[in-house]
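Note that these values count all heavy atoms, side chains included, but never hydrogens, waters or copies made by symmetry. Below, chains carry the letters A, B, ... as their sequence lines are ordered, and counting in each starts from 1.
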Number of protein chains: 2
Amino acid sequence: MITKIKLNRKQQIIEKATQLFQKQGYAATSMRDLAGFIGIEAASLYSHIKSKEEILQTICFQMAEDFFQSLDACELANEQADVKLKEAVVSHVEVLTRDTAASAVFVSEWRHLSEPYLSDFLSMRNQYENKFIQILIDGNKAGIFKALDAKFTVLALLSSVNWMPAWYKPNGKLSPREIAENVTDVFINGLKVR
Amino acid sequence: MITKIKLNRKQQIIEKATQLFQKQGYAATSMRDLAGFIGIEAASLYSHIKSKEEILQTICFQMAEDFFQSLDACELANEQADVKLKEAVVSHVEVLTRDTAASAVFVSEWRHLSEPYLSDFLSMRNQYENKFIQILIDGNKAGIFKALDAKFTVLALLSSVNWMPAWYKPNGKLSPREIAENVTDVFINGLKVR
DNA sequence: CCTACCGATCGGTAGG
DNA sequence: CCTACCGATCGGTAGG
């Protein structure tokens with residue numbers, strides 16, 4: 001089963017590359033580094049992947065998909081804006097902590113994507129942020145949230161959790177949901193009209 | 001005045017390098033890139049600087065110094081914890097927005113420092129964060145702030161403003177102080193015991 | 001500040 | 001998956 005072996009090897013390459021991209025950055029990670037950690041020659045990597053950037057593309061777009069899927073699975077149609085926002089952030093943090101290395105690459109290394117991938121990526125990120133922005137706007141209209149620049153607030157909110165992949169230890173006391181709730185409660189209580 | 005010319009040239013090199021490090025990342029910026037933008041040969045850079053990393057060190061440690069100076073200038077001894085925290089964050093944001101390119105490098109590129117600079121840098125950053133942590137702890141003891149993991153909260157708080165250098169436009173409507181107050185008010189209101 | 005150049009390393013290909 | 005190798009580029013130095 002050559003195909004199966006290759007698939008596993010490809011997964012292994014992407015996983016190790018993800019770790020190295022997180023630790024050293026994409027540009028400072030060489031294909032020889034990567035090959036060395038896997039135990040093959042650099043040239044052999046190219047039996048499994050097309051290019052160095054293809055690995056980065058795989059990581060970034062897979063993460064983007066995960067964020068969208070998790071958010072869409074939230075079933076928030078009938079909730080109040082504050083509950084919606086909280087669940088959306090919890091969903092976001094759960095994805096962030098599911099694979100911390102891939103999340104860190106997603107957050108920090110996307111700018112090394114070349115066109116047209118870079119534009120696609122930024123477009124998806126904008127769409128994602130817009131879902132949060134809409135919740136803030138709706139919540140303000142409903143008299144739940146203060147009148148603040150929605151985009152600005154969402155960027156601050158997402159940034160306040162996006163550092164977590166670099167720090168999160170899966171063996172810590174708090175679950176991702178608990179962590180997310182702690183952060184979000186502070187933020188949302190501050191957003192609320194009192 | 002050879003010395004004066006050299007000093008200006010050195011400043012120019014560091015300034016342009018700061019812009020390139022922000023846009024492309026430290027590792028993806030070559031000395032030939034940098035020299036090209038300045039209009040000299042790559043080899044000529046080394047009449048003014050010792051190495052590529054020296055530029056990064058200059059940026060990172062100058063910014064660190066600026067953050068400390070600004071915070072120390074706050075004169076917070078006699079204030080309540082919530083005022084202290086607010087002023088400390090305002091100070092932080094004012095430094096962040098004073099030179100957005102240098103701030104972005106400070107926030108994102110420090111990991112490319114080699115030892116012992118890396119350890120020194122992280123030690124300074126820890127000291128800085130500890131000043132914020134202490135404000136949270138004192139505020140909790142005084143019954144002003146909720147009981148939250150202080151370190152965790154400070155990291156979330158600082159992260160929620162550290163993305164700003166990448167976005168801030170000096171010609172925007174809000175001053176750095178106003179921006180900082182907006183962000184901080186949300187956060188601090190959420191932290192407060194109600 | 002330049003020319004000339006160094007050894008090292010880069011991502012990637014050819015061919016097996 | 002390896003050997004052998006490509007052209008390009010890297011940070012940096014010598015010497016003027």
Among A:F21, A:F67, A:Y26, A:F61, which residue satisfies the ring-ring contact (aromatic ring centres under 6.0 Å, His included) criterion with A:F106? A:F67

Take atom CD of A:Q24 and atom P of C:dT9, then tell me their distance rounded to the nearest Å. 14 Å

Return the pairing partner of C:dG15 with a 3.5 Å limit on both distances, Watson-Crick or G-U wobble; otherwise return none. D:dC2

Closest listed nucleotide, where the reference is the side chain of B:S51 and the choices are D:dC2, C:dG11, D:dG12: D:dG12

If I take atom CD1 in residue B:I13 and atom P in nucleotide D:dG11, what distance separates them, rounded to the nearest angstrom? 14 Å

Which of C:dG11, D:dT3, D:dT13 is nearest the side chain of A:A43? It is D:dT3

Between D:dC10, C:dG11, D:dC2, which nucleotide has the shortest distance from any of its atoms to the side chain of A:E41? D:dC2

Given D:dC1, C:dG11, C:dC2, identify the nucleotide with an atom nearest to the side chain of A:S44. D:dC1

Rounded to the nearest angstrom, tell me the gap between atom CD1 in B:I40 and atom P in C:dT3. 12 Å

Can you tell which of C:dC10, C:dT3, D:dT13 lies closest to the side chain of B:Y46? D:dT13

When you get a sec, tell me which of D:dC2, C:dC1, C:dG11 is the closest nucleotide to the side chain of B:H48? C:dC1

Given atom CG of A:L45 and atom P of C:dC10, what is their separation to the nearest angstrom? 13 Å

Please report the distance, rounded to the nearest Å, between NZ in B:K52 and P in D:dG11. 4 Å

Rounding to a whole Å, what distance do you find between A:D33:CG and C:dA8:P? 17 Å

Any donor-acceptor pair under 3.5 Å from B:S70 side chain to B:D66 backbone: no

Whether the side chain of B:E87 engages the backbone of B:C74 through a donor-acceptor N/O pair (distance < 3.5 Å, no angle test) should be reported. no

Nearest-Å distance, CG (A:L34) to C1' (D:dC1)? 15 Å

With a 4.0 Å cut-off on N to O distance, would you call B:E94 and B:R98 a salt bridge? no

Atom pair distance, as rounded to whole Å: NZ in B:K50 and P in D:dT13: 12 Å

Of the candidate nucleotides D:dC1, D:dG11, D:dC5, which contains the atom at the shortest distance from the side chain of A:R9? D:dC1

Closest to the 5' end of DNA chain D, once A:I38 and A:R32 are matched to their nearest nucleotides, is A:I38

Taking A:K86 first and then A:D185, would you say they form a salt bridge - that is, a charged N and a carboxylate O separated by under 4.0 Å? yes

